Structures are given as structure tokens and as C-alpha cells.
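Structure record follows, encoded as C-alpha cells.
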Amino acid sequence: AASSCGDPGFIVVVVIFSAYPYIIDTAVSISYSFRIPANTNNNFRSTNQKQIVNILNASTNVEGVVASVSEAGNDQATISTEAGTYLRSRKVISINPATPNTSTSITATLYFTQAEINIWGADKSSVQIIQVDNPNMLNGPLNPSNAKLLAPLTVTDNLATDGYIAYTFTTDGFGTFAIVSPTAALPLKLLSFTGTLKGNIANLKWITSNEVNTKGFDVERSLDGNTFSVVGFVKSLNRANNEYTFNDEKIVKGNRYFYRLKMIDIDGKFTYSKVVAINFIDNQKWFAVYPSPVKDVLYIQNNASVSQSAEVVITEVSGKIIYKYNGSVSGKLEIPVASWSAGSYVVKIRSNDVETTQRIVKQ
């Protein structure tokens, strides 16, 4: 519109907004302390306003979080794990809340400049993230009890446009982070390995954590506990937490079987699990319960040639436990019953993962 004094109108033709890419902090530095509300997006910059880390979608509110570049540089250092020696970034980033926290789930993004990532070459797109509680732990040796290996969810390569590359990952808890070579590995952690007899089948179960570059498990069986042979193979899931089951159907009644796992890495290295034993023998042949009817003393007779560990539980028909024994049985176990009320009782004997039940009568 023209002004009242006849000047020509003023027309806005183009509006230009200028934006600046992230300036990534490459020196040892620290951020201010902030509260992270759950399920929010939080950028942590150093006190000189350079980007350190982004934290997204924390599962809980976390108080007093501080981010820092605790070690800086463009070269590589080494880490030592119980599986070998590997390369890590010289740059190390720490994220620490006011109170130690190992349970809150977070999605985090680490940033590296062109100069910091050049030394990784083609590996820059396939590196892993290592997480430890504090920078000193990077000196190792590292294992699943003091470190985690994390695979990035995304790798955002903005090197050509903005001069940085970003690695986004999820984890539980906080700590110190660095990028490590694609081949880096922590030893697989076997949390449990059990074997039970289910009908005519030996059922093996095991739980692992921290599987990285694991090929699988040879299931080995023995009749004497010394000479083992492979009876099956289970492929690794290569996840943070895993549960496996293997059924051995080729067993013969009357034998005692020993099982172990050969845990094999992709590079051929392996370790063995503990040995578990399964008896495919009717416990009633190993343990005799007599007399019935019984008046004064009940006997649990071990018919095997060696002492055996056994759990003996005697209950009333209602299920109320009136006697319990857990220990070694060599020869006869004598149980005074004179004070018990007349009636029926249930005797359960569990030994070597085999359980049998027998009913007796007290006069």
C-alpha cells in the first residue's frame, strides 16, 4: 500500500533464514547439570555451547544429568577384553546422573567430526558402541559383568554436508561411551545351564547374555563324564539376552548322562560350560521306601553303590509338610514316625533331577 505522502509501496519479496550446523565439541569439556524428564528430547552441549550428546525418550525422570567429553583426540586407542584386544575411539563421552542409574532406558546419539572419524576409514559405518561405568574401566580387562557392546540403531553420515557423523543407540543406564571396532567382542556370559528328565527326553535349557559374534553351541553328551561327543548344534541368536532349549531324545533308560555346552565364536574360539547330569533311571529302583504300613520307623533305602544327594519331602494328603530332608543318603535314612497320626502320607524323593512319589500308610 502507498503511503499518505505518495511514496511507493514496500513489498517483501524474499525472506532468508540462515541456519548453522551442529558444532561438535572435540576437546575435553563438560555440560551444565540438567534434569531429564521422561520421554523428552534433550541436547547436551558443553559450557561453550558445543554439542556433546543427545538423549531421547528416557523411560523415567532422571535428575542432575551431566554430559562430558572425558577424553579427546583424533587417533585410536585400544581396549582389552577377555576375548581379545581391539581398537576404540580416542574420544570418550560420559553421561552421568546425580545418582547412579543402571535401569532407565535411553536412546542416545554420539557425534564425531570428520577429523575424529577419518582414521576409521570404511569401518566408520559398522563400528559398535562400548558402555562402561566410568572412563577408568576402559583400561580393562572388560567382560559382560563390567561392560556392554551396543549395535547402533542408525548411523547418520552428515560428513559431506555438516561435517559430522552421528551414532544412535539404545541402552539401559548411563556411563561412559566410545566407538569400537566392528570385530570387538566381550566373552559370552552363560547365566544358567540346567538339565532335567521329561518322560523319555533329556531337556536342556540355558540362558546367555552379551552374545556378539557368537556362532553357536555344540551340545555334547557323555556316559562317564570324561569322554564327550556332539549330539546337536544350536545356532546363536546374538542378542543381548537369550534363552535356548535342546531336547535329546536318543537316550536309553538305565543310564546316567552328562551334558556340557561348547560355546563357539565366529572366529573359532570356544569355551566350555559346566557339566550337568541327568539320570534316566527310575528312582524307585535307587531308593526303596518301607515298610508300609509303618508303625515306628520309616526307611529310605539308597540302593545305589555310592552315596547320593536327595531331597525327601513327606506330606499329609492335604499337602501339609510334616518332614523334610535335603542332603546325602548313604545306606538307609531312618525317619521316626511313631508320633504321627494314623493315615495316609505322600513321600516325594528328588535326586539328580528325577522325582518319584510313593504313598505310605501310618498305623
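In what follows, every heavy atom counts, from backbone to side chain, and hydrogens, waters and symmetry copies are set aside. All figures in this text were calculated on a predicted structure; none of them were measured in a lab. This chain uses plain numbering: 1 for the first residue, then up along the sequence.
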- Set of residues satisfying ring pair (Phe, Tyr, Trp, His ring centres under 6.0 Å) with respect to Tyr32, sequence neighbours excluded: none

- In terms of the angle between their ring planes, are Phe193 and Trp206 parallel, tilted or perpendicular, with boundaries placed at 30° and 60°? perpendicular

- Item | Asn39 and Asn57 side chains, donor-acceptor separation under 3.5 Å | no

- Any donor-acceptor pair under 3.5 Å linking the side chain of Asp133 with the backbone of Gly175? no

- Query: Among all residues two or more places apart in sequence or in another chain, which pass the salt bridge (charged side-chain N to carboxylate O under 4.0 Å, His left out) test with Glu63?
  - Reply: Arg35

- Query: Any chance the side chains of Asn96 and Ser94 put a donor and an acceptor closer than 3.5 Å?
  - Reply: no

- Query: Measuring from Thr168:OG1 to Ile129:CD1, what's the distance to the nearest 0.5 Å?
  - Reply: 9.0 Å

- Sequence-distant partners of Asn158, side-chain contact (heavy atoms from CB on, under 4.5 Å), two or more places apart: Thr156, Thr161, Asp162, Tyr164

- Item | Proximity of Phe233 and Phe217 rings by center, below 6.0 Å | no

- Task: Any ring-ring contact (aromatic ring centres under 6.0 Å, His included) involving residues 63-103? Give me the pairs, sequence neighbours left out, ordered by first then second residue.
- Result: none

- Message: Would you say Asp25 and Tyr111 are linked by a side-chain donor-acceptor pair, where the criterion is simply a distance under 3.5 Å?
- Response: no

- Item | Pairwise salt bridge (Lys or Arg N to Asp or Glu O under 4.0 Å) hits with a residue in residues 89-115, at least two apart | Glu71-Arg90, Asp75-Arg90, Lys91-Glu116

- Task: Say whether, by atom type as modelled, one donor and one acceptor occur between the side chain of Asn255 and the main chain of Tyr257 under 3.5 angstrom.
- Result: no

- Query: Does the ring of Phe228 carry Arg260 above it, NZ/CZ under 6.0 angstrom from centre and within 45° of its axis?
  - Reply: yes

- Query: Between Gln51 and Asn43, is any side-chain donor less than 3.5 angstrom from a side-chain acceptor?
  - Reply: yes

- Which heavy-atom pair separates Lys362 from Ser341 by the least distance, and what is that distance? CG-O, 3.4 Å

- Item | Check: Thr227 main-chain N/O paired with Ser222 side-chain donor or acceptor under 3.5 Å | yes

- Query: Can you check whether Asn61 reaches Ile36 side chain to side chain, under 4.5 Å on heavy atoms?
  - Reply: no

- Query: How would you list all residue pairs meeting ring-ring contact (aromatic ring centres under 6.0 Å, His included) that involve residues 123-143, not counting sequence neighbours?
  - Reply: none

- Query: Are the aromatic ring centres of Phe169 and Tyr167 under 6.0 angstrom apart?
  - Reply: no

- Message: Under a 3.5 Å cutoff, is there a donor and acceptor pairing between the side chains of Asn41 and Asn54?
- Response: yes

